[in-house]
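Comments concern the structure below.
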Amino acid sequence: MLPNIRKPSGITKTDQLSFGGYDRRPDARDGTFRETVGMSQREFPVMVSGALPKRLDAEEEGQGLTVCAVGGVLLRCCGGLVYANDVCIGSTVQSKERIIPFGKGAVLAEGKLLVDLTVIPKGTKEDQEALPENAEDGDAWLLPAESGDADDPPDLWLREEGEWVNKGPMLHGLEEEVRIDCAVFQTGTFLGETAANNCIKQVDELSEIVPGYTMPDLTEHFKPGDAVTIHSGIKEFDQTLIVREVSENELRFYEYSFPYMVGRYTVPAGGENVWPGLYLVKGWDRFERDLEDRPLQYVIIKAGTTMTPGMYLEYRFQDRQFDPLTYFRNTAQISLHQADGTDITEDSTTHEPRVTIAAEYDAEDYPDGPKELLFVEADTGEDLFFGRLDVKITKKWPEKLRAAFADSNRLWGWEGRTLRASKLGDPSNWDYFDGLSEDSWAVDIQWPEQITGGISANGYPTFYTERRRLRVYGSTPEAYQLSELDCNGVMQSCEESLAIVDGVCYYVSREGVMRDDGTAPVCISQAFGPLRLHDAVAGGGGFMLMVSGTEGEGSGAQQHLFSFDTRNGTWIHMRETGITSITAGEGRIFAADAEDELLCFGDAPDWGVWEDVSAPPVAFELETNDFIADQPNTKRVHRVQLRMKLEQGTRVEAAIQYDESGTWITAARLRGDGFRRSVYLPILPRRCDRFRLRFRGSGSWRLESFALELRGGSPERRPGPRYTE
């Protein structure tokens, strides 16, 4: 505000040349606004109309739309489908996805998928013959998966040196589960040398026994360095190990990884030679029926028993002498015989059993009945196992992990009160602990409150609770240190409000929108007055932060969308619409709204069909706060002079409200011609303590300044109520 200019008539002229944006505080100064719908301060200190967002006219329908800009690509998930810009590259789970940029792609946290965005396809083709012959090197198209399975993601075909090359799918699973229906544990190799007790091997040519069976290629599922969990039903084998070497049919670990490992494989006399490494007890088919579909987990022949070719097992079933195994009270009794038939089940000297049942039957895991027995002969001093043929090998994320962000080529997240980091460069591996700089990392915090959000801020992995900030310092897992700071942290349900704009971290706390530049977080939303947001999301780019959230609960809840200019520290209250995710890329801000529609704030990209969001009857509304004009006494408004520019076709209605009458009196209706002009509003002088101005309309316009001509009066206002008796 410029100094007052007093005329001989007693009229004071006040000029307003700078506008301060949205402000609902009781002490809001002149030049700020109670409402700023459809406006912008991108040309601060001038107030200009904001461009209406564009809406993508998409044919697909779905729910749970989320968006994230990764490099120059907009990645979005909706209705279980994944799109790179406007090209469908595969599918994911039907729930709402969390998209986390990582390297040259992104992680889909709910679907446990890694998206490779190194090459972006132009679109899809029906088959290989439809690929253009005159394409340039670097062109890419998507074709249906070569497997022919409609559930498999399409393959990316890339033009290289004049030829089309299949690069495989753009979506890769971060979890793996492989069931080996015919597995043996044995001594293998490591770095070309024999390594005892380190190998899981698939037995070859099982397809001759099971028609149509195809062994999985282990190299397609696992790689060296993967931490895998083994599920065999044999407790001595079941553990989490790190794969050291992998081939088509073998997973090899460090030697002695299996404490009761088996060595060579033989078929003793009395058995049917199904395959090298397999032993099917004679009469097993009858045993299977008599066990009432309760499969045997495993039996152990004690270490130290001298095994020679020709030995065999017998069983008995409820004292019926029809075959070599006995079944009684769900417990099989095994008898071991030498080749000449001598029973050596017990040691003749100590009378200790050489054969024991190590587990009850497991009908829950195998409701369809027991599997064949696997016969394996141990090295000297080892136990001999008869185990199930099938082994399940998995690589999974921690069950309740909340992966949030990438930092220093790792994926970071939390699980309850445990902070976690993935293996270096591998977002799928969270259990790699080898004492190396590339290890995974985990630490438990001791505070009672839960983690409510995390982000890479100021060069460090940063986590928040509602009452503190936790920051991880250090460059390698063995050097990581955790520091804490008591502050207003991220509000529960506002995890998605964490955003980095212009190098500074912003988020929503219980006290308002916070700014964290690495020192102590400070609140920057005092202009909201008593308004508080929950279930908030935020994002932005350049110098613009956008925050969307809900005020109130139940039927009285209201959706709000705000923008904050980090250069001048001013807020704009935008349309009251529900925004579910916000991201920025290539100079644009994209958002998904509550109707699962994709919005673009700024110039629309050159892909897809974009439409202007239908303007309501009032495309913009600008309402000032109470004008006091440094005159606490009553006053009369004689004239309002506006300096503005209205583009061709723009219409503006200017109105004034005195005191708290609640009645808006239209002063003028303006129509733009594209020129900058000064406009006088004809105001009927009326005595008041304060007043407001409101501008409503549609189109494009600029409000550069306005001048008020006021005549002062006495402290008392007549007619009207008085406070004195």
Query raised in the report: Do you know the tightest heavy-atom contact between L411 and F405?
Result: CD1-O, 3.5 Å

Query raised in the report: Would you say R42 and I572 make side-chain contact, with heavy atoms under 4.5 Å?
Result: no

Query raised in the report: Does W412 use its side chain to pair, donor to acceptor, with the backbone of L419 at less than 3.5 Å?
Result: no

**Report entry** Residues in ring pair (Phe, Tyr, Trp, His ring centres under 6.0 Å) contact with F543, at least two apart in sequence or another chain
**Finding:** none

Query raised in the report: In terms of heavy-atom contacts, does CD of E595 have more than 12 from other residues, nucleotides or ligands at under 6.0 Å?
Result: no

Report task. Verify salt bridge (Lys or Arg N to Asp or Glu O under 4.0 Å) between K167 and E160, making sure each step is shown before the conclusion. Result -> CA-CA 11 Å; K167 295 295 184 179; E160 292 182 340; 3.1 Å; yes

Query raised in the report: By ring pair (Phe, Tyr, Trp, His ring centres under 6.0 Å), which residues pair with W610, not counting sequence neighbours?
Result: W607

Query raised in the report: Would L113 and V82 count as a side chain to side chain contact (heavy atoms under 4.5 Å, CB included) if you check the C-alpha gap in whole Å, the side-chain angles of each, and the deciding distance to 0.1 Å?
Result: CA-CA 11 Å; L113 295 171; V82 184; 5.5 Å; no

Query raised in the report: Of all residues at least two apart in sequence or in a different chain, which pass the side-chain hydrogen bond (donor to acceptor under 3.5 Å, both in side chains) check with D23?
Result: R25

Query raised in the report: Between L174 and P427, is any pair of side-chain heavy atoms under 4.5 Å apart?
Result: yes

Report task. For side chain to side chain contact (heavy atoms under 4.5 Å, CB included), just list the numbers for V87 and I120, CA-CA rounded to whole Å, side-chain angles, deciding distance to a tenth of an Å, and then say yes or no. Result -> CA-CA 9 Å; V87 179; I120 305 303; 6.0 Å; no

Report summary line: Closest heavy-atom pair, Y473 versus S483, reported as atoms and distance to 0.1 Å, is CE1-OG, 2.9 Å

Query - Test salt bridge (charged side-chain N to carboxylate O under 4.0 Å, His left out) applied to E551 - qualifying residues, sequence neighbours left out - result: none

Query raised in the report: What pairs with D517 under salt bridge (charged side-chain N to carboxylate O under 4.0 Å, His left out), at least two apart in sequence or on another chain?
Result: R515

Query raised in the report: How about E43: does its CD atom have over 12 heavy atoms from other parts shown lying under 6.0 Å from it?
Result: yes

**Report entry** Donor-acceptor under 3.5 Å (Q63 side chain, D596 main chain)
**Finding:** no

Query raised in the report: With distance as the sole test, does E466 use its side chain to make a donor-acceptor pair with the main-chain N or O of Q492 at under 3.5 Å?
Result: yes

Requested in this report: Would you check if L142 and M170 make a side-chain contact, meaning some heavy-atom pair closer than 4.5 Å?
Outcome: yes

Query - Pairwise distance OG1(T550) to CD(Q559) - rounded to 0.5 angstrom - result: 3.5 Å

Query raised in the report: Step by step, would you call R694 with E35 a salt bridge (Lys or Arg N to Asp or Glu O under 4.0 Å)?
Result: CA-CA 9 Å; R694 186 186 70 184; E35 193 54 88; over 6 Å; no

Query raised in the report: Sub-3.5 Å donor-acceptor pair from the side chain of H534 to the main-chain atoms of R510, do we have one?
Result: no

Query raised in the report: Are more than 12 heavy atoms from other residues, nucleotides or ligands located less than 6.0 Å from atom CZ of R651?
Result: no

Query - Pairwise side-chain contact, P605 with L74, heavy-atom cut-off 4.5 Å (strictly under) - result: no

Requested in this report: Return the minimal non-hydrogen interatomic distance between C523 and G512, and the atom names on each side.
Outcome: SG-CA, 4.2 Å

Query - Close side-chain approach of Y506 and I524, heavy atoms under 4.5 Å - result: yes

Report task. List in chain and number order the residues that pass ring pair (Phe, Tyr, Trp, His ring centres under 6.0 Å) with Y432, two or more places apart in sequence or in another chain; answer none if no residue qualifies. Result -> none

Query raised in the report: OG/S422 to CH2/W397 distance, rounded to the nearest 0.5 angstrom?
Result: 8.5 Å

Requested in this report: Give every residue pair that meets the salt bridge (charged side-chain N to carboxylate O under 4.0 Å, His left out) criterion with at least one member in residues 113-125, sequence neighbours excluded.
Outcome: K122-D139

Query raised in the report: Which atoms form the tightest heavy-atom contact between I579 and V537, and what is the distance?
Result: O-CG2, 3.3 Å

**Report entry** Backbone N/O of E146 and side chain of D155: donor-acceptor pair under 3.5 Å
**Finding:** yes

Query - 4.5 Å side-chain heavy-atom contact, K54 and E611 - result: no

Query raised in the report: So, D565 versus T570: side-chain donor-acceptor pair below 3.5 Å or not?
Result: no

Query raised in the report: Would you say the side-chain atoms of R420 pair up with the backbone N or O of W414, donor to acceptor, closer than 3.5 Å?
Result: no

Requested in this report: Return yes if some donor-acceptor pair links the side-chain N/O of T583 with the main-chain N/O of A69 below 3.5 Å, else return no.
Outcome: yes

Query raised in the report: Do the charged groups of R410 and D439 touch, with an N to O distance under 4.0 Å?
Result: no

Query raised in the report: Do F463 and W447 have their ring centres less than 6.0 Å from each other?
Result: no

Requested in this report: Compute whether any side-chain donor of one residue and acceptor of the other, for S700 and E647, lie under 3.5 angstrom apart.
Outcome: no

Report task. Compare all side-chain heavy atoms of E177 with those of K396 and state whether any distance is below 4.5 angstrom. Result -> yes

Query raised in the report: So F562 and W571, would you call those rings parallel, tilted or perpendicular, with 30° and 60° as cut-offs?
Result: perpendicular

Report summary line: Residues passing the ring pair (Phe, Tyr, Trp, His ring centres under 6.0 Å) test with F19, sequence neighbours excluded, are F33, F706

Query - CZ/R467: more than 12 non-hydrogen atoms of other groups inside 6.0 Å - result: no

Query raised in the report: Near D603 CG, under 6.0 Å, is it more than 12 heavy atoms from other residues, nucleotides or ligands?
Result: no

Requested in this report: Heavy atoms only: give me the nearest V119-P121 pair and the separation to one decimal.
Outcome: O-CD, 3.8 Å

Query - salt bridge (charged side-chain N to carboxylate O under 4.0 Å, His left out) contacts in which one or both residues fall within residues 489-501, not counting sequence neighbours - result: R402-E495

Query raised in the report: So, for S548 and G578, which heavy atoms are closest and what is the spacing to 0.1 Å?
Result: OG-C, 4.4 Å

Query raised in the report: Would M546 and F601 count as a side chain to side chain contact (heavy atoms under 4.5 Å, CB included) if you check the C-alpha gap in whole Å, the side-chain angles of each, and the deciding distance to 0.1 Å?
Result: CA-CA 11 Å; M546 295 183 68; F601 296 84; 3.9 Å; yes

Query raised in the report: Hey, what's the ring geometry for W441 with Y480, parallel, tilted or perpendicular (30° and 60° as the breaks)?
Result: perpendicular

**Report entry** Pairing residues for D426 by the salt bridge (charged side-chain N to carboxylate O under 4.0 Å, His left out) criterion, not counting sequence neighbours
**Finding:** K223

Report task. Among residues two or more places apart or on two chains, list those pairs meeting salt bridge (charged side-chain N to carboxylate O under 4.0 Å, His left out) that have a residue in residues 79-99. Result -> R98-E110

Query - Partner of V513 by side chain to side chain contact (heavy atoms under 4.5 Å, CB included), out of F528, Y507, F564 - result: F528

Report task. Please step through side chain to side chain contact (heavy atoms under 4.5 Å, CB included) for the pair L131 and L143, ending with a clear verdict. Result -> CA-CA 9 Å; L131 293 173; L143 270 66; 3.4 Å; yes

Query - Sequence-distant partners of E129, side-chain hydrogen bond (donor to acceptor under 3.5 Å, both in side chains), two or more places apart - result: none

**Report entry** Side-chain heavy atoms of D407 within contact of T462, under 4.5 Å
**Finding:** no

